[in-house]
Number of protein chains: 2
Amino acid sequence: MNISAAAERSGVPPKTIRYYEEIGLVRPLREDNGYRSFQDSDVHKLTFLGKARALGFGIDDCRALLALWEDEARTSAEVKRIANGHLSEIDTKIAGLLAMRATLAELIEHCRGDSRPDCPIIKSLEP
Amino acid sequence: MNISAAAERSGVPPKTIRYYEEIGLVRPLREDNGYRSFQDSDVHKLTFLGKARALGFGIDDCRALLALWEDEARTSAEVKRIANGHLSEIDTKIAGLLAMRATLAELIEHCRGDSRPDCPIIKSLEP
DNA sequence: AATGAAGGTTCCCAAGACTGGAAGGTCAAG
DNA sequence: CTTGACCTTCCAGTCTTGGGAACCTTCATT
């Protein structure tokens, strides 16, 4: 299977697949002509990676999760540990964004948004 | 005033100040020896930028807000427009993160996290 | 005067995770 | 044989810093 077929089946764009190969996440075989040759197992890995990325896992987490997936002796505790770490990061980001949002929304609420220069948003940024 | 003093007063690190100069957000004068020479107005701008960045505004928004701040003929409507645009982006990000968080939290909840390989988190990533 | 510390300067590299484009090889159909 | 759709590699850019090297200036101390 060529790269575009693998891309279509996995949902991961060709460019990204090449990048994943470059950083060692997948290792497709090569045809005599130099084209990458994807097995079903490669496509499965790519699909796995696509889903993990969609959940926001970073590349390093993806690498670890992929290794665990292929490790029959894995423990669910290790998987859970990684997932919990990622969850914490997400929560931190959400908290930061919510704080920003609250401040910003309040400023916007008090801004008349008319043709005058007077504006609490600008005012809040002033030294 | 040298760069480290300006950094201290504005709260913006020297490296970041140099970057802001590079992209034209501030234009400090230069001493004969080549050192940057910051006026109070430069420090005020940097402080303004620091606050705007802390609210999550992108560099382009910061540039626009800075211009509006210095424009006596500005309209609060224009400021509000930028702020609302940014609020939308924040809301989009929050929504994405909350969706991820919900999925991930549910998976984690159902993962026993023991020494066995069986794991709903990994399972959800499988093709 | 000489020296050393503490500042300043520029420039390059790294991050994360791709994405776009250029230059060129390969393949199947007409 | 040509066309067009693939494929390949390599280079560069994204965005906002942070780290560090190599070098210059200034000031204080020996």
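Throughout, a chain's letter reflects where its sequence line sits, starting with A, and its residues are numbered from 1. The figures that follow rest on heavy atoms only: side chains count, while hydrogens, waters and symmetry mates do not.
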| Looking at DNA chain C, which of residues 17-42 of chain A put a heavy atom within less than 4.0 Å of it? | A/Tyr19, A/Tyr20, A/Asn33, A/Tyr35
| said: With the threshold set at under 4.0 Å for non-hydrogen atoms, list the residues of residues 49-65 of chain B touching DNA chain C in residue-number order. | reply: none
| task | Under 4.0 Å between any heavy atoms, over every strand shown, what does B/Pro14 touch: base, sugar-phosphate, or nothing? Just pick one. | result | nothing
| request: Mark yes or no for whether A/Arg101, through its side chain, and B/Asp91, through its backbone, hold a donor-acceptor pair below 3.5 Å. | output: no
| field | Donor-acceptor under 3.5 Å (A/Lys80 side chain, B/Cys111 main chain) | value | yes
| remark: Contacts of B/Met1 meeting side chain to side chain contact (heavy atoms under 4.5 Å, CB included) (sequence neighbours excluded), chain-then-number -> B/Ala5, B/Ala6, B/Arg9, B/Phe38, B/Asp40, B/Val43
| query | Picking from D/dC10, C/dC18, C/dG8, which would you name as closest to the side chain of B/Asn2? | reply | C/dG8
| task | Return yes when atom CD of B/Glu8 has more than 12 non-hydrogen atoms of other residues, nucleotides or ligands closer than 6.0 Å, and no otherwise. | result | no
| task | Return no unless some side-chain N or O of B/Thr16 is found under 4.0 Å from OP1 or OP2 of D/dT16. | result | no
Would you say [X] and [Y] make side-chain contact, with heavy atoms under 4.5 Å?
X	Y	answer
B/Leu55	A/Leu107	yes
A/Pro28	A/Glu21	yes
A/Cys119	A/Lys123	no

| task | Report the distance from atom CE of B/Met1 to atom C1' of C/dG8, rounded to the nearest whole Å. | result | 16 Å
| note | By nearest-nucleotide position on DNA chain C, the 5'-leaning member of B/Lys15 and B/Ser4 is B/Ser4
| task | Hey, can you tell me if A/Phe57 and A/His86 have their rings parallel, tilted or perpendicular (30° and 60° cut-offs)? | result | tilted
